[in-house]
Amino acid sequence: MRLYLTVFALLVAVHCEELFNVDQVLRIQAESENYTEVLKELEKNVDWGLDFWTHGFSTERPVDFRVPNTSLCAVKDFLRENNITFTVMINNVQELLDKERAEMVSNAEIKHKTKSFNFAAYNNLETIYSFMDTLVASHPNLISKVKIGSTYENRPMYVLKFSTGGEKRPAIWIDAGIHAREWVSHASAVWIADRIATDFKENRAPVPSILSKMDIFLMIVANPDGYVFSHISSRPFHRLWRKSRCVTSNPNCPGVDLNRNWDAEFSGPGGSDDPCREDYRGPSAQSEIEVKNIADFITSHGNFKSFMTLHSYSQLLMYPYAYSGTNAPDQPELHDVATQANKALYSWHSTIYKVGSIFHTIEQASGASVDWAYQRGIKYSFAFELRDTGKYGFLLPADQIVSTARETWLALKYIMQYVCDR
Ligand SMILES: [Zn+2]
């Protein structure tokens, strides 16, 4: 019997190796507290090299994580041994990466031939920065490019300022891409920048009236170093990079999670002190130059009324707090604004979003940008998690960019108008 089992184990091992020569993304819907305990064990095993695509474990929402092909057999065995039900969310990560890469190559060729910018494509930093220059050049009376500092790797950090004049008018902040791999957020921000300019030029409500009273600051790439790294190769390790690219106390694990580094309950629960973790918060609050540049810019401006940040994926529209389950003082109003914005978003393609505080909708997170903004008196602070809900995760096909941007724009427009009316 013993021999039989050994032979069986060997067969399984061989079988596994044949099956799993690619990374997969697994999804677990935690059904009980027992699941949470097992997931914590799973997370602790650094040797498996798991890459969590969602953060925080609760019975409320699924946990998605990429498993390198070398660990797939062991991880699946571990889950089965512990009676944990899982589904394969993405069967072959490399296949999606190859598709995305091929699309980018053909889009670059089209761009080269037609000499026009393709909004339905993922573009690298250089292309996005040159798009910004073109946009500024075509709308010199409305848009200017503001350099707010440089990154760890010395790349410039730019914000597009939409303004019809006046000094330090009440302003709206929108950023995207603080997490490098969330490419649809950058791509949506590009489309939105163009849309603000066009709506103003063609006198389409409510943009001209908003811009007659307020300025809009839009940062398309909040983490340029991470974004460049995510374009270097189509290997999962690069494309799925989340953090910045600074050196840390562990030479093998560079990068800080820039959305855990803000001076808002920094180092509380929901952020890690381990540089090898995806949610590594950094050594101290605002230790990271990228975060410091944005925080300094917003603080010295001193008249921001709304702060919105675009992430992906999960289809969520959220407000503070992230660090605590206690309701923010303005919770009823923020919930109402988010609910109305969500209705506007839904009206375009019937995409379903969930609305709530970050803590209750996604997870506890300390050092998050929306909490920082809210605690500094920027009342209308919201975080978006754009498409999808997990079919493709961070590898959303480029043909969904424009529809994602369009529906997001309706929500942003609702919030901007609401803020402007007050
Ligand atoms: Zn994110």
Side-chain angles (χ1 to χ4, degrees), residues 53 96-97 100-101 103-104 107-108 111 117-136 143 145-148 151 153 155-160 162 173-197 216-232 234 238-245 255 257-259 290-291 293-294 307-315 369 382-388 392-409 411-412:
W53 284 20
L96 288 185
L97 293 173
E100 185 179 78
R101 183 69 35 161
E103 248 172 19
M104 285 176 77
N107 282 329
K111 184 179 178 284
F117 190 87
N118 182 2
F119 291 99
Y122 291 118
N123 293 288
N124 61 22
L125 185 75
E126 197 189 344
T127 312
I128 291 177
Y129 276 9
S130 101
F131 157 80
M132 285 164 60
D133 288 335
T134 311
L135 195 69
V136 171
I143 315 175
K145 189 176 82 172
V146 185
K147 186 183 169 190
I148 63 160
T151 65
E153 292 177 333
R155 294 189 175 86
M157 293 177 74
Y158 293 125
V159 178
L160 289 175
F162 299 79
W173 173 270
I174 304 168
D175 68 64
I178 199 164
H179 289 143
R181 62 189 175 184
E182 299 167 5
W183 281 12
V184 76
S185 70
H186 312 82
S188 296
V190 164
W191 186 92
I192 286 160
D194 185 69
R195 185 60 192 252
I196 297 170
I216 301 170
F217 289 84
L218 173 61
M219 183 167 214
I220 297 172
V221 190
N223 173 11
D225 294 350
Y227 192 60
V228 167
F229 188 75
S230 73
H231 280 263
I232 287 175
S234 63
H238 287 119
R239 169 62 184 88
L240 295 165
W241 190 257
R242 165 181 166 99
K243 302 189 280 183
S244 67
R245 290 296 300 162
D257 182 342
L258 299 180
N259 203 30
E290 294 83 359
V291 172
N293 287 339
I294 301 173
F307 178 101
M308 294 185 271
T309 180
L310 306 182
H311 291 248
S312 77
Y313 63 97
S314 290
Q315 294 175 197
S369 66
F382 297 96
F384 288 71
E385 294 281 357
L386 307 183
R387 290 191 197 181
D388 58 7
Y392 299 103
F394 302 119
L395 303 172
L396 193 74
D399 61 11
Q400 288 198 42
I401 292 172
V402 174
S403 43
T404 303
R406 263 180 195 280
E407 65 193 11
T408 307
W409 169 239
L412 292 174

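Only heavy atoms go into these numbers, but all of them, side chains included; no hydrogens, no water, no symmetry mates. Treat the numbers as computed from the prediction; the structure is a model and nothing was measured.
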Holding to side chain to side chain contact (heavy atoms under 4.5 Å, CB included), I want the full list of residues that pass it with [X], two or more places apart in sequence or in another chain.
X      : result
Asp133 : Lys145
Ala405 : Ser188, Trp191
Asp388 : Tyr313, Gln315, Lys391, Tyr392, Leu396
Ser314 : Leu316, Glu385

Looking at residues at least two apart in the chain, or sitting in another chain, which of them share a ring-ring contact (aromatic ring centres under 6.0 Å, His included) with [X]?
X      : answer
Trp53  : Phe394
Tyr158 : Tyr129
His231 : Trp183, Tyr227

Taking side chain as C-beta onward, heavy atoms only, is [X] less than 4.5 Å from [Y]?
X      : Y      : value
Pro224 : Met157 : yes
Trp409 : Ile196 : yes
Leu386 : Thr408 : yes
Ile148 : Met219 : yes
Ile174 : Phe217 : no
Phe131 : Asn123 : no

Main chain of Val228, side chain of Asn124: is a donor-acceptor contact present, judged purely on distance under 3.5 Å?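 Side chain of Asn124 to backbone of Val228, a donor-acceptor pair under 3.5 Å: no, none is there.
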
Compute the ring centroids of Phe382 and Phe384, then answer whether they are less than 6.0 Å apart.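 Aromatic pair excluded; centres sit 6.0 Å or further apart.
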
Listed by chain and number, what are the salt bridge (charged side-chain N to carboxylate O under 4.0 Å, His left out) partners of [X], not counting sequence neighbours?
X      : answer
Arg195 : Asp199
Asp175 : none
Glu153 : Arg155

Looking at [X] and [Y], what are the two nearest heavy atoms and their distance?
X      : Y      : result
Ala398 : Ala121 : CB-CA, 4.2 Å
Ser312 : Arg387 : CB-O, 3.8 Å
Phe307 : Ser369 : CE2-OG, 3.5 Å
Val136 : Ile143 : CG1-O, 3.5 Å

State the [atom1]-[atom2] distance between [X] and [Y], to the nearest 0.5 angstrom.
X      : Y      : atom1 : atom2 : answer
Asn293 : Thr151 : CG    : OG1   : 8.5 Å
His238 : Ser230 : NE2   : OG    : 10.0 Å
Leu135 : Ile128 : CG    : CD1   : 12.5 Å
Leu218 : Met308 : CG    : CE    : 10.0 Å
Thr127 : Asn107 : OG1   : CG    : 11.0 Å
Arg239 : Leu97  : CZ    : CG    : 7.0 Å

For side-chain contact (heavy atoms from CB on, under 4.5 Å), just list the numbers for Val159 and Trp173, CA-CA rounded to whole Å, side-chain angles, deciding distance to a tenth of an Å, and then say yes or no. CA-CA 10 Å; Val159 178; Trp173 173 270; 3.8 Å; yes

Across all chains, not counting sequence neighbours, the side chain to side chain donor-acceptor pair (under 3.5 Å) partners of Glu182 are His179, His311

Side chain to side chain donor-acceptor pair (under 3.5 Å) partners for Ser185, two or more places apart: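 Scan of Ser185 (side chain to side chain donor-acceptor pair (under 3.5 Å), adjacent residues dropped) gives none.
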
Test Asp257 against every option in Arg181, Arg242, Lys243 by the salt bridge (Lys or Arg N to Asp or Glu O under 4.0 Å) rule and name the one that passes. Arg242

Evaluate the side-chain contact (heavy atoms from CB on, under 4.5 Å) criterion for residues Ile401 and Tyr122: first the C-alpha distance (whole Å), next the side-chain angles of each, then the deciding distance (0.1 Å), finally the verdict. CA-CA 8 Å; Ile401 292 172; Tyr122 291 118; 3.5 Å; yes

Cut-off 3.5 Å, side chains only: do Asn223 and Ser244 have a donor facing an acceptor?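 No donor-acceptor contact under 3.5 Å links the two side chains.
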
Audit row: Phe117, Val190, side-chain contact (heavy atoms from CB on, under 4.5 Å) steps and yes/no: CA-CA 10 Å; Phe117 190 87; Val190 164; 3.4 Å; yes

Can you list the steps and then say if Leu395 with Leu240 is a side-chain contact (heavy atoms from CB on, under 4.5 Å)? CA-CA 9 Å; Leu395 303 172; Leu240 295 165; 4.1 Å; yes

